Amino acid sequence: MVFDLDMIKKVYAKYPERIEAARKAVGRPLTLSEKILYAHLWDGNASEAFERGKSYVDFAPDRVAMQDATAQMALLQFMQAGKKRVAVPSTVHADHLIQARVGATKDLQDSLNQNNEVFNFLSSISNKYGIGFWKPGAGIIHQVVLENYAFPGGMMIGTDSHTVNAGGLGMVAIGVGGADAVDVMAGMAWELKFPKLIGVKLTGKLNGWTSAKDVILKVADILTVKGGTGAIVEYFGEGAISLSCTGKGTICNMGAEIGATTSTFGYDESMRRYLAATGREEVVKAADAIAEHLTGDREVYENPYQYFDQLIEINLSELEPHINGPFTPDRGTPVSKMKAEASANEWPTKVEWGLIGSCTNSSYEDLARAASIVKQAVAAGITPKAEFGINPGSEQVRYTADRDGILSDFEKMGTKIFTNACGPCIGQWDREGAEKQEKNTIVHSFNRNFSKRADGNPNTHAFVTSPEMVAALAIAGDLTFNPITDKLTNEKGEAIKLSAPVGDELPTKGFAVEDNGYQAPAEDGSNVEVKVAADSSRLQLLDNFPTWDGQNIRDAKLLIKVKGKCTTDHISMAGPWLKYRGHLDNISNNMLIGAVNFFNDRTNEVKNQLTGAYGEVPATQRAYKVAGVSSIVVGDHNYGEGSSREHAAMEPRHLGVKAVIVKSFARIHETNLKKQGMLALTFANESDYNKIQENDTFNFVDLASFSPEKSLTLEICHSNGSRDEIQLNHTYNASQIEWFKAGSALNLIKLMEN
Ligand code: MIC
Ligand code: SF4
């Protein structure tokens, strides 16, 4: 079955005219990213050229995707928008709430028992508002989207930072907070600052142990976790064409790790093959009719320096397998250098676990290639040294891999096959012994490896690498093992060299599945009742955030000055806290508990300025709230990196923090703060971060004249009586300032509805 074919055809029908208008407005050949963006302008045909990195532009995305952990908050907000049905095709995917413990059947059942209330809420609210629901066990959102919904040249948004995975099928797919999804589902325009463009020219061809994963591990190493901020990364060149579609998905997926708005590839043979294999020949037919518009213009790819803001070239033939980490996905080490790096940095080299899965690397091809390594080891009588676990990306992948003997290859080596879900990637991993907090190493094919992410242990050194490298390193049990040069020893004491991985890009017998886990919504959902129990600990209806009182914020205290890396995992931890994603007050008890306090280097221990005592961050903030005292949060670079979870913005808002002032923000988090009515500000002079002291009090001086392109003034009163006045920059445009004044973007929608 092809979902929403009519919508796709309508989008394509407009393409020629839209591209012509864009070409005229811009006055030069177009990149693919520009074509897709200009083809999706809210106002129709382009009449002006937008300035990259400057112009705020209204877009009309074709669809919306949400996963269970963010959909709860997105849909609790959507309920308030007063709409009968979603305005564009939308889906919800139950994937984050399922724990990995003993294996799929038991784990899934346990999860259904534990999360019944939330799954019922998501299933009924989806049914009511015309949203497709993918049940627990159906698969990870981004794999299911790639298999069923993504289409070349389309534009979608999703309440998950890895929505960008759909760039593997030539989309512009962007991760957002729930409030953005509400805009689009409510039939309104979706606003984005017109992105800058980074071109990545791929030459040569992958070979041996190198895989698509290594392309993005290398790009992350070059660009770092903030190098892609505000930009779309467009891949092209003969090397790009030679990659499989799911391999392209892997590359786009991890574009989130460099902060990129999204990444994409031009429509090519690999996409045709993938669309056909997943039952979408009709989409191929429709895309073929406008194929010239679904890739960048020839002139652009011939002279990329003229058209991109930045250009990177990678020769796939020379690329080495990479192992990135620990604690950050942009610390890249080529496999041949790992021995030296590990010893120089004292990383534990014994690998305890190898994990394959997550939205970035759980395709059929990924499993097939990793299985080819496992098979060799089993045949040669090599006992794996580390434990091994797999999360297939979707039920379709699992069913097909099972039919083709791939899963049994893994099982012969004692691998645990977990549910088709996020599992350990988001801390949903009941890892035995993790509570002992021992220093140890794991390798995985996921995208993120922030501290504590997989198992809650801050001493777990997690390294990101390709599925086939995970297999090799887990079998060797050694982080410094280089399968290209090193040998393993089997039970008979013989030295064995593994040959390079092989695996079918797509199943030769075709994909198969018995029950894909999809639930179509009711034709007319107006009578469907959505229940939220008043005493529930998991779900809570939302109240309006208060409107701005028109006054300067005065006498605000410092809640925390965060030191160093502060991802959304530090601001609103996942793992055990995922269960409160639908209950704002309860989840607020995790606010900033992972952030390091600049003044004592500790987590979750800050000074309460009213009592002088040190306490936990959420409790301290609740004390300020009760006392009617305002507060601010101060942070470092790339604050809010990582996830799209808007809880990281709603929690401070709910608990009464007024402003977040940092050196720089990650894109999604900055927007989330704005949407929820917070002040998201940056130091005009970065070194002013150093002026902030523990016992300071803060006064805003000119909030009444808050306006676009104009900095704000903050007075800092130090405890010794001295004062500093500093300038704070912001990126609010006029309508975003209205969100602040109304208390939130949603408050504004409600005002407009009434
Ligand atoms: C993640 O990978 O961090 C998540 C969990 O998928 C998040 C979304 C969330 O926090 O629910 C993301 O990437 O946006
Ligand atoms: Fe799920 Fe991990 Fe992908 Fe996030 S990154 S969607 S937690 S699999």
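Just so it is clear, the model here is predicted, and its values are computed rather than measured. Atoms within a ligand are numbered from 1 in the order they appear, just like the ligands themselves.
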Are Phe121 and Leu76 side-chain neighbours, meaning at least one heavy-atom pair lies under 4.5 Å? yes
Taking any residue with a non-hydrogen atom under 4.0 angstrom from an atom of ligand 1, which ones do you get? Gln67, Ala69, Thr70, His96, Asp160, Ser161, His162, Ile426, Arg448, Arg453, Arg581, Ser643, Ser644, Arg645
Sorted by chain and residue number, the salt bridge (Lys or Arg N to Asp or Glu O under 4.0 Å) partners of Arg448 (sequence neighbours excluded) come out as Glu257
Verify the neighbour count for atom CD of Glu432: are there more than 12 heavy atoms of other residues, nucleotides or ligands below 6.0 Å? no
Using the six-membered ring wherever Trp is involved, compare the ring planes of Phe450 and His570 and label them parallel, tilted or perpendicular (cut-offs 30° and 60°). tilted
Test salt bridge (charged side-chain N to carboxylate O under 4.0 Å, His left out) applied to Arg398 and Glu395, step by step: CA-CA 5 Å; Arg398 191 208 62 79; Glu395 175 57 12; 2.9 Å; yes
Could I get the full list of salt bridge (Lys or Arg N to Asp or Glu O under 4.0 Å) partners for Glu646, not counting sequence neighbours? none
Below 4.0 Å, non-hydrogen atoms only: which portion of Arg453 touches ligand 2? Side chain, backbone, both or neither. side chain
With a heavy-atom distance limit of 4.0 Å, tell me whether Gln67 approaches ligand 2 through its side chain, its backbone, both, or neither. neither
Examine distances only and state if a side-chain atom of Asp455 and a backbone atom of Ala434 form a donor-acceptor pair shorter than 3.5 Å. no
Can you establish whether the number of heavy atoms outside Lys196 located under 6.0 Å from its atom NZ is more than 12? no
Numbered atoms of ligand 2 (with element) below 4.0 Å of His142, judged on heavy atoms: 6 (S)
If the plane angle is over 60° it's perpendicular, under 30° parallel, otherwise tilted; pick one for Trp134 and Tyr149. perpendicular
Say you draw a straight line from OG of Ser445 to CD1 of Ile390; how long is it, rounded to the nearest 0.5 Å? 9.0 Å
Protein-side N, O or S atoms sitting under 2.8 Å from atom 2 (Fe) of ligand 2 are Cys425 SG
Looking at OG1 of Thr328 and CG of Asn449, how far apart are the two atoms once the value is rounded to the nearest 0.5 Å? 6.5 Å
